[in-house]
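A short worksheet on the structure shown next.
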Number of protein chains: 2
Amino acid sequence: MSTSTVSVVVVEDHPVTRMGIVALLGQDERLSVVGQAGTGEDALTLVEAERPDVVVTDLRLGDGMDGVGVTSAVRARRGAPAVLVLTTYDTDRDIVRAVEAGAAGYLLKDADPADIVGAVVAAARGESVLSPALAQRVVARMGRQQADLSAREVEILAAVAQGLGNREIARTLFISEATVKTHLVHVFTKLDVDSRTAAVARAREDGLLG
Amino acid sequence: MSTSTVSVVVVEDHPVTRMGIVALLGQDERLSVVGQAGTGEDALTLVEAERPDVVVTDLRLGDGMDGVGVTSAVRARRGAPAVLVLTTYDTDRDIVRAVEAGAAGYLLKDADPADIVGAVVAAARGESVLSPALAQRVVARMGRQQADLSAREVEILAAVAQGLGNREIARTLFISEATVKTHLVHVFTKLDVDSRTAAVARAREDGLLG
DNA sequence: CCTGCGGTCAATCTTTTGGTTGACCTAGCC
DNA sequence: GGCTAGGTCAACCAAAAGATTGACCGCAGG
């Protein structure tokens, strides 16, 4: 950790938002933005070169590696910088995945600017920063452990989410309608619901679908 | 319209993004940011006071008035400033509504910064700015005219999207199951689909649901 | 080798949905 | 007053979806 100022790398794909974050963090004398990246890949080489104290990253980074990937990669080594996730939208699943990947904190972009700056400083000190509302949801979520569907089941569910009927799904996937039903029964059981519509709703709130 | 520099008001609820946009626009000598607002209501009083050449607004503005509301309100008078919508996500419906409300342009936040600045300048000259991909979708969309569901129908559909069955919907809305079915038949007809799941899928892509 | 899991399929039965028709009431409009 | 649109409900029928049971195959792992 630096002596006086905290060095920060900002990872965010949208140029305008990236400028905003850099501007916000840069105007605080405790912080120093030493680099910025628009993709996950660039972020990793940048972190390697700059060895910042904190990495502030968005979750969605366009194509390629996402924020969770960046987090795990960055945190993989000892002496690694702290990672603070700063994102717009949030599903429970995103938050859990980010925290599991080693993020020190998770903030929404509509947070108060002062809170964001404060979170970066706290993260640099090794503290964990989760907004109370989010923290609550994370623990609530850890309890009901993530349903994990097989690849095929997700495929079926995605088709259902598009509004297809069982027969149509069977045709597009080249399997029998009976098989589609079998998969759906499994999906329903795993998601603890009893209709296709409810399955889609649940999958959405769990972040299993786009 | 000003003599030399174009005056701009920025409307965006997320402080960080707002800072980014202001910073981006402010560093171009052709532009001058004369005000910024975090809500639609503030935006209107600000526009009234500053009489800018261009208003750059997000579509989603947290609670209260949204970007479309701001657009129509701002454009309601003669000699009104041009409105440029700058947003993150986009459904076809959002774009169409914004354009219909009188927006001169519609850009995504992941656009190149130079393009954004250029769009503001173009908007000030009274030109229309739509990214080609979006423009294509708008026209494609104008063709199949927007289905309009009654308030009750939307209510029913929203319940369906949450995964509720007809019986549950009937109970929560204090009506009979027969009525729920009737509404759904109307919804299906209007959306040109033949199942609840397909209705939800269609409504989503049309932006009729959150 | 055997076990478990994922994927495939079939037959059967119950429940839910969707389609159709027709009806009544209310509110707003010409 | 007649007309239309939205909301309410009922009865009935057809189709789709869901539940249950049982079976076969291939493959990874103990």
Spacing between A/I175 atom CD1 and D/dC24 atom P, to the nearest angstrom
20 Å

Any pair counted as salt bridge (Lys or Arg N to Asp or Glu O under 4.0 Å), so long as it reaches residues 179-191 of chain A, sequence neighbours left out:
A/E153-A/K190

Between the first and last five pairs of the helix from C/dC1-D/dG30 to C/dC30-D/dG1, the angle of the axes, rounded to 10 degrees
40°

Is the shortest side-chain heavy-atom distance between A/V6 and A/L31 below 4.5 Å?
yes

Produce the list of close N/O pairs, under 3.5 Å, pairing protein atoms with atoms of nucleotides 10-14 of chain D; give distances to one decimal.
none

Is any side-chain heavy atom of B/L107 closer than 4.5 Å to a side-chain heavy atom of B/L86?
yes

Report the distance from atom CG of A/L184 to atom C1' of C/dC9, rounded to the nearest whole Å.
15 Å

side-chain hydrogen bond (donor to acceptor under 3.5 Å, both in side chains) against B/E127, all qualifying residues, sequence neighbours excluded
B/R125

In whole Å, what is the span from the CZ atom of B/R196 to the P atom of C/dT17?
5 Å

Sub-4.5 Å side-chain heavy-atom contact between A/V120 and A/L25
yes

Residues touching DNA chain C, which here means a heavy atom under 4.0 Å, drawn from residues 151-167 of chain A
A/R152

Under 3.5 Å, which donor-acceptor pairs do the side chains of residues 167-175 of chain A form with other protein atoms, sequence neighbours left out?
| unit_1 | atom_1 | unit_2 | atom_2 | d |
| --- | --- | --- | --- | --- |
| A/E168 | OE1 | A/G165 | N | 2.7 |
| A/T172 | OG1 | A/E168 | O | 3.4 |
| A/T172 | OG1 | A/I169 | O | 3.1 |

For nucleotides 23-29 of chain C, read 5' to 3', which letter fits each nucleotide if B means a protein heavy atom sits under 4.0 Å from the base, S means only the sugar-phosphate is that close, and - means neither?
-------

Could you check whether any side-chain heavy atom of B/D53 comes within less than 4.5 Å of a side-chain heavy atom of B/S7, counting everything from C-beta outward?
yes

Take atom CG of B/D192 as the centre, draw a 6.0 Å sphere, and report whether it contains more than 12 heavy atoms from other residues, nucleotides or ligands.
no

Between atom NE2 in B/H186 and atom P in D/dG7, what is the gap in whole Å?
10 Å

Atom CZ of B/F174 and atom P of D/dC9: how far apart are they, to the nearest Å?
12 Å

Hey, are the side chains of A/V16 and B/P113 touching, using non-hydrogen atoms and a 4.5 Å cut-off?
no

Taking only residues two or more places apart in sequence, or in another chain, which ones meet B/Q36 in a side-chain hydrogen bond (donor to acceptor under 3.5 Å, both in side chains)?
B/R18

Once you round it to whole Å, what is the distance between P of D/dG18 and CG of A/L191?
13 Å

Grab the N/O contacts between the protein and nucleotides 27-29 of chain D below 3.5 Å, and write none if there aren't any.
none

Could you check if a side-chain atom of B/V9 sits within less than 4.5 angstrom of a side-chain atom of B/V34, using non-hydrogen atoms only?
yes

What residue pairs, at least two apart or across chains, pass salt bridge (Lys or Arg N to Asp or Glu O under 4.0 Å) with a residue in residues 112-122 of chain A?
none

Could I get the full list of salt bridge (charged side-chain N to carboxylate O under 4.0 Å, His left out) partners for B/E155, not counting sequence neighbours?
B/R152

Between CG of B/L173 and C1' of D/dC9 the distance, given in whole Å, is 15 Å

A/I169 CD1 - D/dA16 C1' separation (whole Å)
12 Å

Strictly below 4.0 Å: does B/S150 bring a side-chain N or O up to OP1 or OP2 of D/dG7?
yes

For A/L84 versus A/Y106, what's the shortest heavy-atom pair and its separation?
CD1-N, 4.2 Å

Of all residues at least two apart in sequence or in a different chain, which pass the side-chain hydrogen bond (donor to acceptor under 3.5 Å, both in side chains) check with B/T179?
B/S176

Presence of salt bridge, B/K109 and B/D58, under 4.0 angstrom:
yes

Less than 4.0 angstrom between a side-chain N/O of B/H183 and OP1 or OP2 of D/dT8, yes or no?
yes

